[in-house]
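Worksheet: one structure, shown below.
Fair warning: this is a prediction, and the values are worked out from it, not measured in the lab. The figures here come from the full heavy-atom set of this structure, side chains too, leaving out hydrogens, waters and symmetry mates.
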Amino acid sequence: MKRIIAILIIVTVLVIAVSYPFFSAVVAEEGESGRPLAFFLNKPGEKFSIKYIHSIHRTPVLETYLTNKNGEIVQTEIRFEEFGIGMPSGPSGNETFAQKNGTYILANMNRTFSSLDIRVGQVVADHRLIIDGEEYPFSSFSDKGSWVRIETKKWSMWQWMIGGKRLGKQ
């Protein structure tokens with residue numbers, strides 16, 4: 001009987017350890033269902049970027065984000081080559097605006113989002129996540145034309161094991 005109780009205690013402790021959410025992750029989910037497609041571990045303050053080709057003026061755009069301690073995504077910078085629909089026209093508040101080597105840079109941004117909703121480009125956009133200098137095409141974990149939601153989450157070891165494609169250094 002003592003052996004059975006000991007085994008039950010060990011199993012209970014293992015189940016709790018595997019299901020307790022202690023990893024901080026940025027998760028790309030299928031927009032409609034919330035099914036995890038890909039994720040990467042990310043501590044508050046660590047940056048990641050989204051790079052794409054603008055659908056109208058067909059030039060590169062690089063948006064830089066970080067996560068904060070509240071689990072929000074904070075846009076810190078955007079770099080682009082052409083003004084147009086969807087592009088900023090100048091700074092606001094404490095933001096800075098500069099031009100360097102043909103690229104406009106809006107920096108010192110502090111725009112906070114609970115999630116980012118992205119419609120993955122079908123023809124031109126070629127959306128990519130950049131983590132620690134490595135680029136991961138959205139097409140490696142989602143379909144072209146699909147809706148992807150990017151959020152920060154606390155994940156358990158179980159979610160880490162089954163939560164879609166792992167990106168970045170694990």
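E95 and G90 make their closest contact through OE1-O, 4.4 Å (heavy atoms, listed as atom of the first residue, atom of the second, distance). Heavy atoms only, all atoms of each residue included: R111 and S92 are closest at NH2-OG, 4.2 Å. Between F39 and A25, the shortest heavy-atom contact is CD1-CB, 4.4 Å. Across all their heavy atoms, E151 and S114 have their closest contact at CG-O, 4.1 Å. Residues P137 and R128 approach most closely at CG-NH1, 3.3 Å, considering heavy atoms.
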- Apply side chain to side chain contact (heavy atoms under 4.5 Å, CB included) to V148 and D117, showing your working. CA-CA 6 Å; V148 173; D117 287 329; over 6 Å; no

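Connection of W147 to F113 is not established within any shared hydrophobic cluster, with ILVMFWY side chains joined at heavy-atom distances below 4.5 Å, either directly or through further cluster members. Note on V26 and I131: same hydrophobic cluster, where clusters join Ile, Leu, Val, Met, Phe, Trp and Tyr whose side-chain heavy atoms are under 4.5 Å apart, directly or indirectly. Linking Ile, Leu, Val, Met, Phe, Trp and Tyr residues whenever their side-chain heavy atoms come within less than 4.5 Å places Y104 and V61 in a single cluster. The cluster map of Ile, Leu, Val, Met, Phe, Trp and Tyr, joined by side-chain heavy atoms under 4.5 Å apart, puts F97 and I105 in different clusters. Note on F138: it clusters hydrophobically with L116, by side-chain heavy-atom contacts below 4.5 Å among ILVMFWY residues.
The side-chain heavy atoms of M87 and H57, taken from C-beta on, include a pair separated by under 4.5 Å. Using a 4.5 Å cut-off on side-chain heavy atoms (C-beta onward), I53 and P60 make contact. Looking at V27 and F40, their side chains never come closer than 4.5 Å, going by heavy atoms from C-beta outward. Contact check for P91 versus L106: side-chain heavy atoms found under the 4.5 Å cut-off.
Interatomic distance, I7 CD1 to T12 OG1, rounded to the nearest 0.5 Å: 11.5 Å. Note: I118 CD1 to S142 OG = 9.0 Å, rounded to the nearest 0.5 Å. One finds the CD1 atom of I9 at 12.0 Å from the CD1 atom of I4 (value rounded to the nearest 0.5 Å). Between L66 atom CG and Q75 atom CD the span is 10.5 Å, to the nearest 0.5 Å. For the atom pair OG1 of T112 and CD1 of I73, the computed distance is 10.0 Å after rounding to the nearest 0.5 Å. Of the inter-residue distances, the one linking E82 atom CD with T59 atom OG1 reads 5.0 Å to the nearest 0.5 angstrom.
The side-chain contact (heavy atoms from CB on, under 4.5 Å) test with N68 is passed by exactly one of T152, V74, N110: V74.
Here R35 pairs with E30 under the salt bridge (charged side-chain N to carboxylate O under 4.0 Å, His left out) rule; sequence neighbours left out. Scanning for salt bridge (charged side-chain N to carboxylate O under 4.0 Å, His left out) contacts around D132 gives an empty result, with sequence neighbours left out. Listed by chain and number, the residues in a side chain to side chain donor-acceptor pair (under 3.5 Å) with H127 amount to none (sequence neighbours excluded). For E77, the salt bridge (charged side-chain N to carboxylate O under 4.0 Å, His left out) partners two or more places apart in sequence, or in a different chain, are R79. Checked against ring-ring contact (aromatic ring centres under 6.0 Å, His included), Y65 has the following partners two or more places apart in sequence or in another chain: F48.
Cluster partners of I56 are I85, counting Ile, Leu, Val, Met, Phe, Trp and Tyr whose side-chain heavy atoms approach within less than 4.5 Å, directly or via other members.
No side-chain donor from either of T76 and T64 sits under 3.5 Å from a side-chain acceptor of the other. In this model, a donor atom of one side chain and an acceptor atom of the other lie less than 3.5 Å apart for Y52 and E63. For the residue pair N42/T67, the side-chain donor-acceptor check at 3.5 Å is satisfied.
Of the possible polar contacts, none joining the N70 side chain to the E72 backbone as a donor-acceptor pair under 3.5 Å is found. With N108 contributing its side chain and N94 its backbone, the two residues share a donor-acceptor pair below 3.5 Å.
Ionic pairing of E29 and R149 is not present here: no N-O contact between side-chain nitrogen and carboxylate oxygen is shorter than 4.0 angstrom.
The 12-atom threshold is exceeded at CD of Q99, counting heavy atoms of other residues, nucleotides or ligands nearer than 6.0 Å.
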